[in-house]
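Residue numbers start from 1 in every chain, and the chains themselves are labelled A, B, ... in the order their sequence lines are given, proteins ahead of strands.
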Amino acid sequence: MEGDHGMTVILFYLLDIGHSLVEGKLEIRLWGVDPNGNSILVRDRTFAPWFHLVFRNASDAQNVLDFIRTSKAEFPKILSTCVVTGKFFGAQVTALKATCQDQELATTYAESLRKLPRVVDHIEDDIRPVDQYLLEKGLTPCAWIEAEGEKDSEKPASVRESYLLTGTIRCTEESKRPRLRVLSFTTLSFEEKGSPKPDRSPLILISAQTSEGRSVQFEAEKEEAAIVLAFAEFIREFDPDVIVGYQANSVDWPFLMGRAKALGLRLNADRMGGEPHPSVHGHISIAGRANLDLFEIVQDQAEPKVKTLQNVTEYLGIAKGTMRIEDTEVVEYWKNSEKKRKLREYLAQNAELILRLSEVFLDYATQLSSLTGLPLDQVASASMGFKVDSYLVREARRLGELIPRRVDRPYYPYRGGLVLTPKPGLHENIAVLDFTSMYPNLMLLYNISPDTLIRTGGAEAEAFRVPGLTYAFRKAPQGMYAAALENLLTERNKIKHEMNSVRHGSTEFRALEAREKAVKTIANAMYGYAGWIGARWYVKEVAESTATLGRRAIETALDAANKLQLELIYGDTDSIFVKNDVEKVAKLITTISEMLRMEIRVDKVYRRVLFTEAKKRYAGLREDGTIEVTGLEAVRGDWSEIAKNVQERVVGMILRGEDAKKAAEYVKIVIDSIRKRRVAYPELVIWKTLTKPLEEYEVRAPHVEAARQLMDEDWRLTLGDRIGYVITNAPGKLHQKARPYVKATINDIDVEYYVTGQVVPAALRILEMFGIGEDELTKQTAQWQDRRVSEFLEPKP
DNA sequence: GCGGTGCCGGTACCT
DNA sequence: ACAGGTACCGGCACCGCG
């Protein structure tokens, strides 16, 4: 591999990107892993960030260019200027490209130059230097990179090889992930008064586990400093490529960093001899390693509702019978030597669970990273909007579109999907027809995109007009949204094809599955992105037009169903529920496909489906015997388990053809057991999310009051925390009766609230349809007290 | 002073 | 901190009421 002048071709999997100013010059650092699993650093000192000024005319651009060149003193850090052409929201423009040593000055210069006459906008100065670098070189994180460089004498001790880029650098087609060294960890701190705080509550335990099977625990006897340093040393020694945690960005890292600061220690954990530091999207960056907070990935998933590490791993089936210790119990466990053992076990268990979790999500995270271009350590922290943004920035670059800045702007609401009022009652044999990927397909079909939009008129023959709106979209050239969606579609087909050629369940197969999921996620978010005010390419008309055409599509489907005299039960946005008359349904599908050039297909068939008068709430029995509940209390995270379970049972009984009377009897028995307090306490806990800081709440709501009680005892709660509370016997309004569940017992419970406020409403939602009233459920039910609930329980499918 | 009513804040869901 | 559409709870202000 060694060529003339010591030039070497370096192949590495790109894991992390950083930059630094070395003697006033920008140095880009690419961290990765070579094919043998060794860590690699490649530095590039030849890169300068840029910004653009946009003009309508080339001559205007030339004038400003001349001005900059003659006023060198005013712009000392501008290194070069040139005039380029490009597209800006689809319009051909001329731009002045200026490179500048210093990114912050670039923005200052750009803003001041923007004020000159005939400058349309200043752009791309808000793209961070490392992102500009990846864009310019066409590099993708979590992909294999080939670079030409020379061995570097200033090699940091932590990497096997370090190079200085002296030639070209490019991305290869290869995306197969190498074996990465993964370290999972979790910490515990001690505080007798409420939540631990990084500035004063000491760390007492740190557990870590490695992908090589090593498991360590650091315990503070007297010396807290020792465990912080020992953990940092362990990181350096094991030298992980990826560090995974659970709430690591919000809890563990801030604690480690805060404690190190308080104790005057250096948390030397990165590959450059430096410390972890906060970075974009609220994540903690560790140079040379990818720090991944798995909690942030789990948060995007719908289930389970309460996302503790234990709930999540049990839900995914990678753990069973996990040990749980509440934060409020830590002090008690730590102070008791017998229980302390349990605490050690608990933390070791959690480190293990985190490692197991990383095995489930690492492929998805790396695929999402290579797809969107966001570095691995940012991809979990970045919201969906920023993921799509990053993907589109790359797409734009490919298409010669200049990249607009993210700006504050007013918000304009628009109409969304169509929702029908359901036919209430129990329906037999119902087919659910779905438009496949309706919004992405509409955007593709009508070339709906920020750069193809014609806001007024649209009289041009070669434009798609949107009925009912004044907008139109040019048929050619293809817009960037359509191009992006087509790429994603092609990619998805490619993946599906590849999946057929590898063994089902193999490592390759799982990686492909993860990539398909990543591709689908981005494609589905494109419509929402278009209507998101934070989007670089926010164009309300794009989202509005898509939604309008979507309504037209489902209306067409409804008309067609009517013409076929196919009984219609319900519909929402891109789906319709009709009687499963097989011949008519087949006819309907072909008719719609011909009319709309969009695929609609039978997504599922319900043997029976139950609707009340409410939209978005129903329950169905599938042909395979499973019950599906949609929207009802049973699937909501803010109802007690007992109410949810009762509703699910009632739904099951009704859908399987049992008499409503019998279901009512079952409910009465549960009510009876509640009144006797013969229920498991955790079944009574109600969980609600804090969606804003406590002070900002205008009303006294139960979960807010429960949260306040925790706060009064110095428990720190943040936006997004789920508060578990119960309703107790305390007098007053509901919010006065609420207590954090850890602060009450079964004996404090207001059983009548759980009867009339939880179980009865949940059960009646269903049973009211069958003439059962509240009185029938709540009146004392002595004759049932000896009967067992199990009599009514059927074996689960 | 009290129950009924309607509005609104709040949360979580559906597609 | 991707969109809009929807249900429903509890608090609260307001109303009528000998």
Q: Rounded off to whole Å, could you give me the OH-to-P distance for the A:Tyr538 and C:dA1 pair?
A: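 So the OH-P distance, A:Tyr538 to C:dA1, works out to 13 Å.
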Q: Counting C-beta onward and ignoring hydrogens, is there a side-chain heavy-atom pair between A:Ile592 and A:Phe435 closer than 4.5 Å?
A: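 In short, these two side chains touch, coming nearer than 4.5 Å.
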Q: Would the number of heavy atoms belonging to other residues, nucleotides or ligands and lying under 6.0 Å from CZ of A:Arg415 be above 12?
A: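 No - once you tally the heavy atoms of other residues, nucleotides and ligands closer than 6.0 Å, there are 12 at most.
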Q: Which parts of nucleotides 4-9 of chain C does protein reach within less than 4.0 Å, heavy atoms only, written one letter per nucleotide 5' to 3' as B for base, S for sugar-phosphate only and - for none?
A: BBSSSS
Q: How would you label the contact of A:Lys305 with the nucleic acid (heavy atoms, under 4.0 Å): base, sugar-phosphate, or nothing?
A: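 Counting heavy atoms under 4.0 Å across all strands, the contact made by A:Lys305 is with sugar-phosphate only.
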Q: What about A:Phe577 and A:Tyr618, are their ring centers closer than 6.0 Å?
A: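 For A:Phe577 and A:Tyr618, the ring centres are under 6.0 Å apart.
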Q: Which is true for A:Ala543 with a 4.0 Å heavy-atom rule: it touches a base, it touches only sugar-phosphate, or it touches nothing?
A: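 Nothing, no heavy atom under 4.0 Å.
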Q: Expressed in angstrom and rounded to an integer, what is the separation of A:Ile686 atom CD1 from B:dG10 atom P?
A: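 Nearest whole value for this atom pair: 19 Å.
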Q: Please tell me whether A:Tyr246 and A:Phe295 form a close aromatic pair, meaning their ring centres lie under 6.0 Å apart.
A: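 Centroid distance A:Tyr246-A:Phe295: below 6.0 Å, so yes.
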Q: Please work out which residues in residues 544-558 of chain A have a non-hydrogen atom less than 4.0 Å from an atom of DNA chain B and list them by number.
A: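 Close to the strand, none.
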Q: Which nucleotide in the list B:dG10, C:dG10, B:dA12 gets nearest to the side chain of A:Pro702?
A: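 Between B:dG10, C:dG10, B:dA12, the one nearest the side chain of A:Pro702 would be C:dG10.
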Q: Could you tell me whether A:Val635 contacts a base, only the sugar-phosphate backbone, or nothing, with contacts defined as non-hydrogen atoms closer than 4.0 Å?
A: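 Since only primed, P, OP1 and OP2 atoms lie under 4.0 Å of A:Val635, the category is sugar-phosphate.
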Q: What is the distance, rounded to the nearest whole Å, between atom CD of A:Gln736 and atom C1' of C:dC12?
A: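 It works out to 13 Å between those atoms.
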Q: Taking only the side-chain heavy atoms of A:Lys692 (C-beta and beyond), determine which of B:dG9, C:dA1, B:dA12 contains the nearest atom.
A: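 My answer, after comparing the listed nucleotides, is B:dG9.
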Q: CG of A:Leu694 versus C1' of B:dG10: gap in Å, rounded?
A: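 For the pair A:Leu694 CG and B:dG10 C1', the rounded distance is 14 Å.
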Q: In whole angstrom, what separates A:Arg536's CZ from C:dC2's P?
A: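 Result: 15 Å.
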Q: Nearest-Å distance, CG (A:Leu368) to C1' (C:dC2)?
A: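 Rounded to the whole Å, the gap is 14 Å.
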Q: Under a 4.5 Å cut-off applied to non-hydrogen side-chain atoms, are A:Trp639 and A:Ile686 in contact?
A: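 Side-chain contact under 4.5 Å: no.
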Q: Base, sugar-phosphate, or nothing for A:Phe435, non-hydrogen atoms under 4.0 angstrom?
A: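 Counting heavy atoms under 4.0 Å across all strands, no contact is made by A:Phe435.
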Q: With a 6.0 Å cut-off on ring centres, are A:Tyr481 and A:Trp537 close enough?
A: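 No, too far apart.
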Q: Should A:Met711 and A:Arg716 count as side-chain neighbours, where that means a heavy-atom distance under 4.5 Å?
A: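 When only atoms from C-beta onward are counted, A:Arg716 and A:Met711 do not touch, as no gap falls below 4.5 Å.
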Q: Check the distance between B:dG10's P and A:Glu705's CD and give it to me in whole angstrom.
A: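 Rounded to the whole Å, the gap is 13 Å.
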Q: Hey, does A:Gly637 reach any base, or is it just sugar-phosphate, or nothing, if we go heavy atoms under 4.0 Å?
A: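 Answer is sugar-phosphate: A:Gly637 comes under 4.0 Å of backbone atoms only.
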Q: I'd like to know if the side chain of A:Arg536 reaches the main chain of A:Pro404, judged simply by a donor and an acceptor atom lying under 3.5 Å from each other, with no hydrogens or angles considered.
A: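 Between the backbone of A:Pro404 and the side chain of A:Arg536 there is a qualifying donor-acceptor contact (under 3.5 Å).
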Q: Verify the neighbour count for atom NZ of A:Lys733: are there more than 12 heavy atoms of other residues, nucleotides or ligands below 6.0 Å?
A: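 No.
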Q: Expressed as a whole number of angstroms, how long is the span from A:Met443:CE to C:dA3:C1'?
A: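 Nearest whole value for this atom pair: 11 Å.
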